[in-house]
Amino acid sequence: MTRCGTADYTSKETGAVHRDLRRALKASAMKFRMPTQIVRAPTLDGRDRTPPSRIAWNFFTAMYCKAGGYPWSPYGLTPGTCYVGIGFYRPLGSAAATMQTSLVQAFDERGEGLVLRGHEFEWDPNKTGSRSPRLTAEGAHQLMALVLDRYEAVMKQTPARIVVHKTSRYWPDERDGFRAAIESRVRRYDLMALEAQSRVRLITTSKYPPFRGTRFSFGELDYLYTTGYISALNEFHGMHVPAPLQVADHVGQDSSRDALLKEVLALTKLNWNSAALGGLLPITIKFSGLVGEIMREIPADREPLPQFKFYI
């Protein structure tokens, strides 16, 4: 992997290109419906200093998931709710300003989910004045219609509620497009913007960081510690001072703040590719970034497989 792990080169058509062997291998194997599990040389020859118990947990949990099992299920998610995470990525070999939507969709309270690829759209930070991509009203409507169509095809019913997670605030056109598509078929919905930040923290009077699950608010902004001290274990699983997630937007108001934050906390425990008790981000957003890395290696003329096991 040292010699063939990554490659960077320049193309006349697309400019700078970055390739990654792991991502390309998973995308290629997907064509033959083969989930892959890659073991690095340092893990096999003992150079990896990760405790053997953690290596074993990660390896066999991932294998169980890729064989079709569900290692664990979350507790406390609302039945009949479709949880959606939206992220963006730049397709391999595309023009410099072209991006494409990457979407992760968790179907139900068990966390069973599918991966969908959205449409291409143009985004130029120099022209828009923002590095954070956003969808037009038509694009947001089209994307949410794709989600609802797939949900109904798989679940054989319309969801009772939609929850959308995004890492940036909803622009007016984006918000209107999502709302129009949802309200035409679903009565209840909540659109949330979840941002990982380090500007705001709580300072405790003890030697321990804040408890995982601690929540506080400033006006319309909510902050939630998804990492922190775990009292049940008397442990803190981290190397740095934890910082809370910021909930910057809540469009819909069909659920209480407490209920929404409890759902976010539950969704941080759904990463089947890690031995950690919980992560900083809910799986909806965490996987949208990971999926985008693999998705950009899949040609536009090939439909990506929807199961998570091909991407982890």
Side-chain angles (χ1 to χ4, degrees), residues 65 70-88 101-118 135 140 143-168 170 174-175 178-179 181-183 185-196 213 222 224 226 245 247-274 278-292 306-309 311-312:
C65 177
Y70 292 92
W72 59 83
S73 296
Y75 173 79
L77 296 183
T78 306
T81 297
C82 175
Y83 297 93
V84 179
I86 296 176
F88 305 104
T101 303
S102 168
L103 181 147
V104 173
Q105 177 182 351
F107 276 139
D108 55 23
E109 66 272 18
R110 290 199 309 158
E112 183 176 353
L114 295 180
V115 175
L116 300 174
R117 178 167 63 184
L135 298 169
L143 188 59
M144 188 52 59
L146 176 67
V147 173
L148 291 170
D149 288 344
R150 182 62 63 88
Y151 185 98
E152 291 174 352
V154 173
M155 303 300 288
K156 310 304 181 185
Q157 63 181 5
T158 301
R161 173 173 166 253
I162 292 284
V163 176
V164 180
H165 291 161
K166 207 161 74 74
T167 56
S168 58
Y170 294 84
E174 216 173 28
R175 178 194 61 213
F178 282 132
R179 293 178 65 173
I182 294 171
E183 290 175 351
R185 298 157 77 171
V186 179
R187 295 183 59 186
R188 301 179 60 219
Y189 63 91
D190 296 281
L191 312 181
M192 301 177 68
L194 306 174
E195 178 188 354
D222 285 313
L224 175 67
T226 52
L245 285 181
V247 183
D249 265 348
H250 177 202
V251 180
Q253 310 296 334
D254 275 329
S255 303
S256 68
R257 285 186 175 187
D258 284 344
L260 288 169
L261 295 179
K262 286 179 180 178
E263 289 181 327
V264 170
L265 196 63
L267 288 168
T268 65
K269 302 179 72 172
L270 265 183
N271 186 357
W272 297 323
N273 206 33
S274 171
L280 174 65
L281 296 170
I283 202 64
T284 45
I285 294 175
K286 174 69 175 177
F287 268 19
S288 65
L290 297 176
V291 165
Q307 293 84 8
F308 281 128
K309 64 183 180 181
Y311 298 86
I312 63 175

Considering only residues two or more places apart or on different chains, which pairs with a residue in residues 278-289 satisfy side chain to side chain donor-acceptor pair (under 3.5 Å)? His165-Thr284
Arg188 and Thr81: side chain donor to acceptor below 3.5 Å: no
Gap between atom OH of Tyr151 and atom CG of Leu146 - 0.5 Å precision: 15.0 Å
Could you give the distance from CG (Asp190) to NE2 (His250), rounded to the nearest 0.5 Å? 3.5 Å
Residue pair Tyr189 / Arg179, side-chain donor-acceptor N/O under 3.5 Å: yes
So, do Leu281 and Leu245 sit near enough that their side-chain heavy atoms are less than 4.5 Å apart? yes
Do we see a donor-acceptor contact under 3.5 Å between the side chains of Thr78 and Glu263? yes
Assess the pair Phe308 and Phe287: is the distance between their ring centroids shorter than 6.0 Å? yes
Roughly how far, to the nearest 0.5 Å, is CZ of Arg117 from CG of Leu143? 13.0 Å
Would you call Asp249-Arg175 a salt bridge at under 4.0 Å N-O? no
Rounded to the nearest 0.5 Å, how far apart are NZ of Lys166 and CE of Met192? 13.5 Å
Cation over ring, Lys309 on Tyr311, under 6.0 Å and within 45°? no
Could you tell me which non-hydrogen atom of Arg185 sits nearest to which non-hydrogen atom of Thr158, and how far apart they are? O-CG2, 3.5 Å
Report yes or no: does Trp72 contribute a side-chain atom to a donor-acceptor pair with the main-chain N or O of Leu270 at less than 3.5 Å? no
For Ile86 and Phe178, work out which heavy atoms get closest and say how close. CD1-CZ, 3.4 Å
